[in-house]
Amino acid sequence: MTTTPDQAPLAIPGFTHLYSGKVRDLYVPDGREDELLLVASDRISAFDFALEPPIPDKGAVLTQLSLWWFEQLEDIVPNHVLSTEVPEVVAGRAVLVKRLDMVPVECVARAYLTGGGLREYAVSGTVSGLELPEGLVDGDRFDWPIFTPSTKAPEGEHDEPMSFEAVEEAVGAGLAADLRDLTTRILARGNEIAAERGILIADTKVEFGRDADGTLVLADEVLTPDSSRFWPADQWEPGHPQPSFDKEFVREWLMSAESGWDKASGEAPPPLPERVVEQTRAKYVEAYERLTGRTF
Ligand code: ATP
Ligand code: MG
C-alpha cells in the first residue's frame, strides 16, 4: 500500500523538494538548511489511503486555521512558524517554519471518548494502555483531557497506540511528561476557546520537535479538522456517534453501502462523488469560520 501522492511535487524556484507526506509537501529553501517551506495540499486521506479527488481550498483552510491556533496557544508553547511570506504559487497554503528535530511520537489527547480510543476501551477498558473507569459510552467527556499517544508509523503502516511507559522509554521520562502536559493543555485551551463558538474538540493529534537550542516546539498543524474531531456543541449527546465537522464525514461515506467499498478488502477506496467533495469543503470552511470568526 502506498500513500505517496501521484502528482509530482510542484517545482518552486529557490526551493528543493524534501519530502511529501499524505497532505503536506516539504521544501528546503536554497541556502537555508535550518528552515522548511511547509505546503498544505488539497489532498485528503482516510483509513491511511490517499483519496481522489482533492478537496478544493482544504490546504488553505488547514494552513490558515493552524496559524490562528498557533497564536492562541503562544503562551502555552512556542511554535515553528517563521513567516507567512511564501512564493506566490503556494500563497495562503504554505508557511516558512523552523526545521526541527521531530519527536517520534504522535501526541494524541482526548477530551471525549470516541473513535480508536473507544474501540480499545471496548476491548480492554484502556486507551493507549491507560486504565479508564467502567461504563463509559461513545462521546463521554473526561474531566481533563487524557494523553493517549501513538507511534509515528512509517509510510504505509498504521500508527499503533503507545503506553506512557513506552513513550518514556522512547524519549526519556522528562520529555514524555512535557509532551503529556503540553498536549493535554493544548486540547483543554482549544476547547475553552471553541466552546464559545459552539464547537467541541473531541480529540486531537499534535507533533513536537526540538530546535537547535533543544527547546520543545509545536510543529506541523494544530487543532485542524484533519488532526482533530470537531463536534457541534448543541448536538452533543453521549451514547452514540456524534455529528462532526471533520473528515469523519468522508469516513462515514466510505463505510456506507453507497460507496460500495469494503475496508477489509485492502483495496483503494472509490473516488468521492462531487456531493461528498462539496460537503467536505463546506465543513472545513465552516469549522474555520466558526472558530476564527473570520470569513474564508
Ligand atoms: P499524518 O499527519 O497523518 O501523521 P504525514 O506525516 O504524512 O501524516 P503530512 O502532514 O503530510 O503528514 O506531512 C508533514 C510532515 O512534516 C510530517 O512528517 C511532520 O512530522 C513534518 N513536519 C512538520 N513540521 C515540521 C518541522 N517544523 N520540522 C520538521 N518536520 C516537520
Ligand atoms: Mg501531518
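One-based numbering along the sequence shown. Atoms within a ligand are numbered from 1 in the order they appear, just like the ligands themselves. The figures here come from the full heavy-atom set of this structure, side chains too, leaving out hydrogens, waters and symmetry mates.
- Given atom 10 (O) of ligand 1, the protein heavy atom at minimum distance is Arg24 NH1, 2.8 Å.
- At a heavy-atom distance under 4.0 Å, no atom of Asp159 approaches ligand 1.
- Atom 7 (O) of ligand 1 has as its closest protein heavy atom Lys22 N, 2.8 Å.
- Rounding to the nearest 0.5 angstrom, the gap separating the CZ atom in Arg99 from the CG atom in Leu18 is 5.0 Å.
- Side-chain atoms of Asp211 come within 3.5 Å of backbone N or O of Asp213 as a donor-acceptor pair.
- Inclusion of His80 in the set of residues having an N or O under 3.5 Å from an N or O of ligand 1 is warranted.
- Summarising the local packing, CZ of Arg197 is surrounded by more than 12 heavy atoms from other residues, nucleotides or ligands at distances under 6.0 Å.
- Between Lys98 and ligand 1, at least one pair of N/O atoms sits closer than 3.5 Å.
- In this structure, atom 2 (O) of ligand 1 lies nearest to the protein heavy atom Lys205 NZ, 3.0 Å.
- For the atom pair OG1 of Thr126 and OH of Tyr121, the computed distance is 10.0 Å after rounding to the nearest 0.5 Å.
- Shown in contact with Glu207 at under 4.0 Å from a heavy atom are these atoms of ligand 1, numbered in order with element: 19 (C), 20 (O).
- Asp25 and Arg93 are not joined by a salt bridge, as no carboxylate oxygen comes within less than 4.0 angstrom of a charged side-chain nitrogen.
- Closest to atom 6 (O) of ligand 1 among all protein heavy atoms lies Lys152 NZ, 4.0 Å.
- Close N/O approach between Glu106 and ligand 1 is found [any backbone or side-chain N/O within under 3.5 Å].
- Residue contacts with ligand 1, taken as heavy atom pairs separated by less than 4.0 Å, involve Met102 solely via side-chain atoms from C-beta onward.
- Listed by number with element, the atoms of ligand 1 under 4.0 angstrom from any heavy atom of Leu36 are 28 (N), 29 (C), 30 (N).
- Near Ala219, with a cut-off below 4.0 Å to any heavy atom, the atoms of ligand 1 are 24 (N), 27 (N).
- Here Asp220 has heavy atoms under 4.0 Å from ligand 1 in both its backbone and its side chain.
- Every atom of ligand 1 is numbered from 1 in the order shown, and the set under 4.0 Å from a heavy atom of Val97 is 27 (N).
- Expressed to the nearest 0.5 Å, how far CG of Leu37 lies from NE2 of His17 amounts to 10.5 Å.
- Atoms CZ and CD, on Arg180 and Glu168 in that order, are 7.5 Å from each other to the nearest 0.5 Å.
- Distances from ligand 1 to the non-hydrogen atoms of Arg43 include no value under 4.0 Å.
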TODO: Any chance you could lay out the side-chain contact (heavy atoms from CB on, under 4.5 Å) test for Glu33 and Val28, step after step, and finish with the verdict?
DONE: CA-CA 6 Å; Glu33 292 287 317; Val28 182; 4.0 Å; yes
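- Considering backbone and side-chain N/O of Leu38, none are found under 3.5 Å from N/O of ligand 1.
- The CD atom of Gln279 lies 11.5 Å from the CG atom of Leu272; values are rounded to the nearest 0.5 Å.
- Heavy-atom contacts of Val23 reach the following atoms of ligand 1: 11 (O) (cutoff under 4.0 Å).
- Nearest to atom 28 (N) of ligand 1 among the protein's heavy atoms is Leu100 N, 3.0 Å.
- Between Phe49 and Trp261, the two ring planes are perpendicular [angle over 60°; tilted spans 30° to 60°].
- Counting only N and O atoms by type, the side chains of Thr295 and Glu289 include no donor and acceptor under 3.5 Å apart.
- At a 3.5 angstrom cut-off on N or O pairs, Leu26 does not count as close to ligand 1.
- Once rounded to the nearest 0.5 Å, the distance linking CG of Leu26 with CZ of Phe15 reads 12.0 Å.
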